[in-house]
Colleague: 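Would you mind keeping the following structure in view while I ask a few things?
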Amino acid sequence: MEQNSETGRFLPTGVPGLDVILSGGFTRDRLYLVEGEPGTGKTTLALQFLSEGLRLGESVLYITLAETKAELCAVASSHGWDLEGIHVEEVITDQNALDPDQQYSIFHPSEIELGTTTQRILGAIEKYQPTRAVLDSLSELQLLAESALRYRRQVLALKQYLASRNCTTIFLDDRTALNTDLQVRSVAHGVITLTVTDQAYGNERRQLRIVKYRGIAFRGGAHDYRIVRGGLRVFPRLVAAESRVHSSRGQLSTGLPELDTMLGGGIEEGTSTLLAGPPGCGKSTVAAQCISAACKRGERCAMFLFEESRNNMLNRCDGMQLGLNKAIDEGLLTVLQVDPAELTPGQFSQAVVDAANLGARVIVIDSLNGYLNAVPDERFMATHLHELLTFLGQRGIVTIVVGVQAGLIGSNMSSSAADASYIADNVVILRYFETAGEVQQAISIFKKRGSSHERSLRSFSIGPHGPRVGAVLSGFHGILTGVPTLVAPANDHAG
């Protein structure tokens with residue numbers, strides 16, 4: 001970020017997450033363009049920008065060419081804000097313009113109104129001497145200017161005038177003018193674009209993109225944002241490369257001695273583990289067991305549930321005496337139930353990052369299939385997951401991901417739609433198999449980075465005291481297919 005050190009002073013935007021994307025905020029005394037269709041949150045962002053200036057003791061000005069002060073007060077009130085202290089200048093056509101006697105017949109209206117509008121804008125700036133200003137919106141100026149040349153000259157003149165008075169200004173553009181062009185983009189020091197995409201199901205997806213920011217190494221790409229009570233909240237796109245560190249790592253116990261033996265001593269810090277298998281085979285229970293063991297050691301943990309409800313999971317774990325409710329009461333465990341239809345990928349990533357920043361040492365994502373549903377375009381599922389797991393790994397956090405496989409027994413079993421086995425550092429497989437008229441379960445380690453691991457298959461069961469890993473299943477062949485063949489005397493079977 002050496003590029004940013006040469007830009008001088010920054011102004012905080014007042015929008016959570018936006019300063020991170022801008023690498024510090026807005027460079028002072030510059031002109032910025034915030035563009036987007038009506039309803040994308042431009043006015044809300046502008047009011048947050050001015051409110052932050054007011055909080056810092058600055059003089060701030062909102063110049064409106066379309067909305068009235070009453071309408072702005074209604075927007076502010078919906079977010080719990082008060083416009084007191086924010087100077088609002090209404091440069092709006094008077095209602096007398098409806099009177100035929102007041103309409104121009106010799107001169108075109110733009111020749112008169114543009115000059116009048118400009119004088120009122122300059123008068124407001126001279127009166128309040130703001131350090132932060134907002135002009136809403138450029139569409140009115142563009143319609144009054146009529147020609148592209150006149151419009152560009154008008155914007156350039158305003159830019160130079162505001163800069164000479166040490167004012168940081170945001171121009172809002174709702175893209176409703178007849179001729180949408182890139183005139184202001186080329187003039188502005190920075191350009192922020194807000195977009196809304198309709199989803200086939202669930203909430204619409206809102207994204208923010210920095211199109212241009214001169215002299216700043218900003219974080220590019222699309223960033224999810226939400227409009228909630230209190231204003232916009234931006235969720236910066238996760239970039240794992242920004243947190244690369246090198247450190248020695250120990251091993252964490254799963255709380256099951258036999259499973260630790262299979263894993264070569266435990267799970268290394270900073271690694272990701274995929275628990276894969278058919279529905280109901282015990283994947284979530286093994287994940288909960290790892291959380292329980294970590295909480296008993298006094299380590300902070302977090303769980304993100306996509307399928308099973310939070311209440312059902314906690315009650316089920318209490319029935320196995322895993323003590324997760326106690327860990328929640330002690331502040332060691334956070335359990336968040338995720339609704340894929342409401343939570344965007346960026347918002348989910350931010351929730352995981354927040355848990356990591358609060359000191360979580362073990363994080364469970366249950367399940368991968370639910371996470372897939374949270375990413376609208378599954379082509380980028382692997383990229384999203386890779387960035388998230390890499391980020392957590394670089395923080396030394398143990399990440400456990402549950403992956404559900406379709407089918408129960410036999411050749412009809414298939415992997416999940418998003419196969420993350422090549423991304424995960426460790427892969428633990430759980431299987432059903434049928435023998436002697438009874439359905440049993442097996443567990444094995446398919447992949448392990450960081451240490452050697454046991455390659456045998458062991459029996460697995462879930463009882464009143466939680467999951468249990470038993471002896472090696474040495475008397476069978478084909479257990480992973482679900483249809484084993486007896487290759488040794490029955491009394492050699494230790495399952």
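Values in this document were obtained by computation on a predicted structure and should not be read as measured data.
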Colleague: Might you work through the side-chain contact (heavy atoms from CB on, under 4.5 Å) test for Q289 and L322, ending with a clear yes or no?
Modeller: CA-CA 7 Å; Q289 168 62 45; L322 294 182; 3.4 Å; yes
Colleague: Would you check if E35 and I192 make a side-chain contact, meaning some heavy-atom pair closer than 4.5 Å?
Modeller: no
Colleague: If the condition is ring pair (Phe, Tyr, Trp, His ring centres under 6.0 Å), which residues does H79 pass it with, not counting sequence neighbours?
Modeller: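 Partners of H79 by the ring pair (Phe, Tyr, Trp, His ring centres under 6.0 Å) criterion, ordered by chain and then number, come out as W81.
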Colleague: Given side-chain contact (heavy atoms from CB on, under 4.5 Å), test F10 with L22 step by step and report yes or no.
Modeller: CA-CA 10 Å; F10 290 93; L22 295 173; over 6 Å; no
Colleague: Heavy-atom distance under 4.5 Å between the side chains of R297 and L252, does that happen here?
Modeller: yes
Colleague: With a 4.5 Å cut-off on side-chain heavy atoms, are M303 and D366 touching?
Modeller: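 Not in contact.
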Colleague: Is M313 close to S284 at the side-chain level, that is, under 4.5 Å between some pair of heavy atoms?
Modeller: no
Colleague: Are side-chain N/O atoms of S451 and E268 paired as donor and acceptor at under 3.5 Å?
Modeller: yes
Colleague: Counting only N and O atoms by type, is there a donor-acceptor contact under 3.5 Å from the side chain of S272 to the main-chain atoms of D425?
Modeller: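 Such a contact is found between S272 side chain and D425 backbone.
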Colleague: Please walk me through it: do V196 and R206 pass side-chain contact (heavy atoms from CB on, under 4.5 Å)?
Modeller: CA-CA 5 Å; V196 177; R206 299 177 179 270; 3.4 Å; yes
Colleague: Is it true that F49 and Y32 have ring centroids separated by less than 6.0 Å?
Modeller: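 No, they do not, as the ring centres are separated by 6.0 Å or more.
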Colleague: Is there a side-chain contact between E52 and R132 in this structure, where contact means two heavy atoms from C-beta onward sitting under 4.5 Å apart?
Modeller: yes
Colleague: Compare all side-chain heavy atoms of I328 with those of L314 and state whether any distance is below 4.5 angstrom.
Modeller: yes
Colleague: Is there a side-chain contact between L324 and V335 in this structure, where contact means two heavy atoms from C-beta onward sitting under 4.5 Å apart?
Modeller: no
Colleague: Just how far is it from atom CD of E37 to atom NZ of K42, taken to the nearest 0.5 Å?
Modeller: 8.5 Å
Colleague: Any heavy-atom pair between the side chains of I210 and R219 that's under 4.5 Å?
Modeller: no
Colleague: Take L138 and L33, measure what side-chain contact (heavy atoms from CB on, under 4.5 Å) needs, and give me the verdict at the end.
Modeller: CA-CA 9 Å; L138 284 178; L33 172 65; 3.7 Å; yes
Colleague: Any side-chain donor paired with an acceptor under 3.5 Å for Q207 and R237?
Modeller: no
Colleague: Could you walk me through whether T285 and R316 pass the side chain to side chain donor-acceptor pair (under 3.5 Å) check?
Modeller: CA-CA 9 Å; T285 303; R316 181 170 57 80; 3.0 Å; yes
